[in-house]
Amino acid sequence: MDKQLLAPHILELEHAIGISQVPSGLHYHPNGREYLYAVGASVVITQLADLHEQCFLCGHNADICALDVSTSGQLIASGQRGGNTDAIIWHYDSKSILHRLSEHDYEVAALSFSRDELLLCTIGSVDDSKLAIWDVSTGAIVSIVTVASSSRVCLAWGGMVKDFKQRDTVSYVLCGAFGSNIAVWEVNPFSGEVNEERLSAEGRGTLHRIVTALDFATDLQTIYCATSSGDVMVVSVCQKIIRSRTMLVSHSGLTAIEAVQGGLIVGCNDGTVTILDASLVRLSRAQLPGAVFSLSVLPNHHDELLVAVASGSVHRIRLPDLTQTLLVSDNHSAAVRALAFSGNDSALFSTASSDCSIRIWDTDDFRAVMTVAVRDAGLPLCLVYTPDVVLSGWTDGKVRAHDPQNASPLWQIDNAHAKS
């Protein structure tokens with residue numbers, strides 16, 4: 001038999017539809033032409049102008065749960081959960097692994113590059129409770145300390161520690177939040193010394209907030225903290241105290257934050273994106289179709305914003321007025337359980353997901369041309385797609401038919417099978 005017939009044929013991946021809901025896991029690349037996000041165990045780099053152009057960084061064997069891009073965009077860091085809990089530093093130009101960092105157990109809860117790209121900080125989960133500082137050039141460990149981790153961890157690098165004459169020293173400022181605890185570390189990369197200081201409210205005030213995201217102001221003297229209670233807390237870097245004054249932005253809670261020149265942008269659980277000035281006065285607001293889990297401002301230009309929401313879509317918004325919104329991509333927000341191609345057009349296919357929606361996709365531009373939400377039906381089990389009807393079977397025992405043109409329900413068969 002011809003050996004060529006027995007040789008395995010490798011299928012080239014052309015495109016991936018989907019996005020993992022990694023907190024702060026959506027990043028506008030500094031080149032302004034691409035954006036990065038995680039899909040399962042892969043980092044995906046997608047062209048904004050042509051969604052057909054995707055690059056996949058494959059080095060993990062479990063879901064990615066942390067992602068960061070360096071200031072210049074030349075380095076990418078990703079961390080995973082599971083038994084092989086590695087963090088990987090990628091080289092952007094070559095799309096190859098620069099270093100594989102194997103120190104944490106269970107999960108890399110958060111990671112962040114220093115602003116000069118010389119250091120990377122990684123933090124493990126509650127069961128790991130280790131904070132590691134890495135030398136980016138060599139992949140060696142600079143220092144490891146034990147921290148009181150939590151189910152929600154946030155990290156951000158500031159500037160350099162100042163001496164009494166306000167001159168930069170060799171030590172870096174690093175801020176982290178573990179649930180309701182906020183800490184600032186002074187990191188000396190030469191000696192490996194890491195000094196931690198827990199922050200408290202100014203005066204005799206007490207503030208108990210669960211921090212969901214944080215970022216340094218552009219002057220690096222202030223830290224803005226988004227909270228689950230919906231307000232923004234302000235931290236003074238010099239005095240290392242939490243200001244007692246907070247600003248309520250949304251009653252549903254805040255999920256993402258990014259500082260910009262003259263203020264900050266916050267994303268909320270109610271799907272709103274709000275711009276505040278440095279005094280925390282609201283300037284503008286936009287509404288999106290789902291809870292915001294990540295946002296990213298276009299570096300260098302700061303005139304555009306990328307936002308990912310829990311319903312699966314990614315949006316491009318014009319700054320500073322938030323008036324122009326463009327849908328970049330649409331995705332399911334949960335596992336895809338069934339798929340079927342059209343009976344007479346191979347460019348069209350349909351999917352059914354655990355998010356209880358059915359969608360029809362066009363491979364010409366990889367956009368959803370039809371979406372239907374199915375309520376109170378359980379989970380989808382099977383799918384048939386013809387030019388006249390989309391048939392789906394559900395765990396409630398019913399078979400449902402929808403019009404593929406306008407998503408309207410046509411008919412359903414009750415008790416077609418026993419409920420599963």
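The analysis underlying the following values was restricted to heavy atoms, covering all of them including side chains, and did not include hydrogens, waters or symmetry mates.
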Report task. Carefully, step by step, assess T323 and D321 under the rule side chain to side chain donor-acceptor pair (under 3.5 Å). Result -> CA-CA 5 Å; T323 55; D321 51 10; 3.1 Å; yes
Report task. Start with the C-alpha distance between V232 and T227, add both sets of side-chain angles, then the distance that settles side chain to side chain contact (heavy atoms under 4.5 Å, CB included), and finish with yes or no. Result -> CA-CA 6 Å; V232 174; T227 68; over 6 Å; no
Report task. Determine, stepwise, if the pair Q80 / N61 fulfils side chain to side chain donor-acceptor pair (under 3.5 Å). Result -> CA-CA 8 Å; Q80 71 172 66; N61 59 7; 2.8 Å; yes
Query raised in the report: Does the pair W394 and R400 meet the rule for a side chain to side chain contact (heavy atoms under 4.5 Å, CB included), with working shown?
Result: CA-CA 8 Å; W394 298 77; R400 291 173 169 82; 3.6 Å; yes
Report task. Give the C-alpha distance, both sets of side-chain angles, the deciding distance and a yes or no for side chain to side chain donor-acceptor pair (under 3.5 Å) between T255 and N269. Result -> CA-CA 6 Å; T255 54; N269 260 325; 5.0 Å; no
Report task. Take Y92 and H29 through the side chain to side chain contact (heavy atoms under 4.5 Å, CB included) test and state the conclusion after the steps. Result -> CA-CA 10 Å; Y92 170 77; H29 194 274; 3.5 Å; yes
Query raised in the report: Stepwise, does the side chain to side chain donor-acceptor pair (under 3.5 Å) test hold for H332 with S357?
Result: CA-CA 8 Å; H332 284 296; S357 71; 3.2 Å; yes
Requested in this report: Before giving the answer on side chain to side chain contact (heavy atoms under 4.5 Å, CB included), spell out for L319 and I275 the whole-Å C-alpha distance, their side-chain angles and the decisive distance to 0.1 Å.
Outcome: CA-CA 9 Å; L319 295 176; I275 297 181; 3.8 Å; yes
Requested in this report: Begin with the C-alpha distance, continue with both residues' side-chain angles, and end with the deciding distance and a verdict on ring-ring contact (aromatic ring centres under 6.0 Å, His included) for F349 and F341.
Outcome: CA-CA 4 Å; F349 67 95; F341 273 94; 5.6 Å; yes
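Inter-residue side-chain proximity for M233 and R243 is flagged as unmet; no heavy-atom pair is nearer than 4.5 Å. Contact check for L101 versus I88: no side-chain heavy atoms found under the 4.5 Å cut-off. Within the 4.5 Å cutoff, no side-chain heavy atoms of S350 are placed close to those of W361. Side-chain contact between H91 and L57 is absent, with no heavy-atom pair separated by less than 4.5 Å. Residues E34 and Y28 form no side-chain contact, since every pair of their non-hydrogen atoms from C-beta on lies 4.5 Å or further apart. Counting heavy atoms from C-beta on, the side chains of Y35 and V328 come closer than 4.5 Å. Using a 4.5 Å cut-off on side-chain heavy atoms (C-beta onward), P30 and T71 make no contact. Residues C58 and S42 form a side-chain contact, since some pair of their non-hydrogen atoms from C-beta on lies under 4.5 Å apart.
For NE2 of H251, the number of neighbouring non-hydrogen atoms (other residues, nucleotides, ligands) closer than 6.0 Å is 12 at most. Counting heavy-atom neighbours within 6.0 Å of D163 CG, excluding the residue itself, gives a total above 12. In this structure, Q261 places its CD atom where only 12 or fewer heavy-atom neighbours from other residues, nucleotides or ligands lie under 6.0 Å away.
Smallest separation of non-hydrogen atoms from S333 and A310: CB-O, 3.0 Å. Heavy-atom minimum distance, G267 versus L295: N-CD2, 3.6 Å. In plain terms, the two heavy atoms of S252 and D270 that are nearest each other are OG-N, 3.0 Å. Residues L131 and V147 approach most closely at CB-CG1, 3.8 Å, considering heavy atoms. Considering every non-hydrogen atom in both S78 and W90, the closest pair reads OG-NE1, 2.9 Å. Heavy atoms only, all atoms of each residue included: S294 and A256 are closest at CA-CB, 4.2 Å.
Judged purely by atom type and a 3.5 angstrom limit, R359 uses its side chain to pair as donor or acceptor with the backbone of N331. Of the possible donor and acceptor atoms, none in the side chain of S296 sits under 3.5 Å from a partner among the backbone N and O of H27. With E117 contributing its side chain and S72 its backbone, the two residues share a donor-acceptor pair below 3.5 Å. Here the side chain of T169 pairs a donor or acceptor atom with the backbone of V161 at under 3.5 angstrom. No side-chain donor-acceptor contact under 3.5 Å links K95 to the backbone of C55. Within the 3.5 Å criterion, the main-chain N or O of T212 finds a donor-acceptor partner in the side chain of R152. A side-chain donor-acceptor contact under 3.5 Å links R100 to the backbone of G59. For the pair Q54 (side chain) and A16 (backbone), a donor-acceptor distance under 3.5 Å is present. Side-chain N or O atoms of R337 include one that pairs as donor or acceptor with a backbone N or O of P380 at under 3.5 Å. With hydrogens and angles disregarded, no donor-acceptor distance shorter than 3.5 Å links the side chain of S279 to the backbone of V281.
If you check the side chains of S229 and D231, you find a donor sitting under 3.5 Å from an acceptor. Checked by atom type, the side-chain pair T386/D388 shows no donor-acceptor distance below 3.5 Å.
Note that the OH atom of Y172 and the CE atom of M160 stand 4.5 Å from one another [nearest 0.5 Å]. Here the straight-line distance linking atom CG of D365 with atom OG of S329 works out to 11.5 Å at 0.5 Å rounding. In this structure, H99 NE2 and L75 CG are separated by 8.5 Å, a value rounded to the nearest 0.5 Å.
For D330 and R367, the salt-bridge test fails: no basic side-chain N is under 4.0 Å from an acidic carboxylate O. Classification of R33 and E53 as a salt-bridged pair fails, no side-chain N sitting under 4.0 Å from a carboxylate O.
Ring pair H15/F366 is parallel by interplanar angle, where below 30° counts as parallel and above 60° as perpendicular.
Between W157 and F113, the distance separating the two ring centers is not shorter than 6.0 angstrom.
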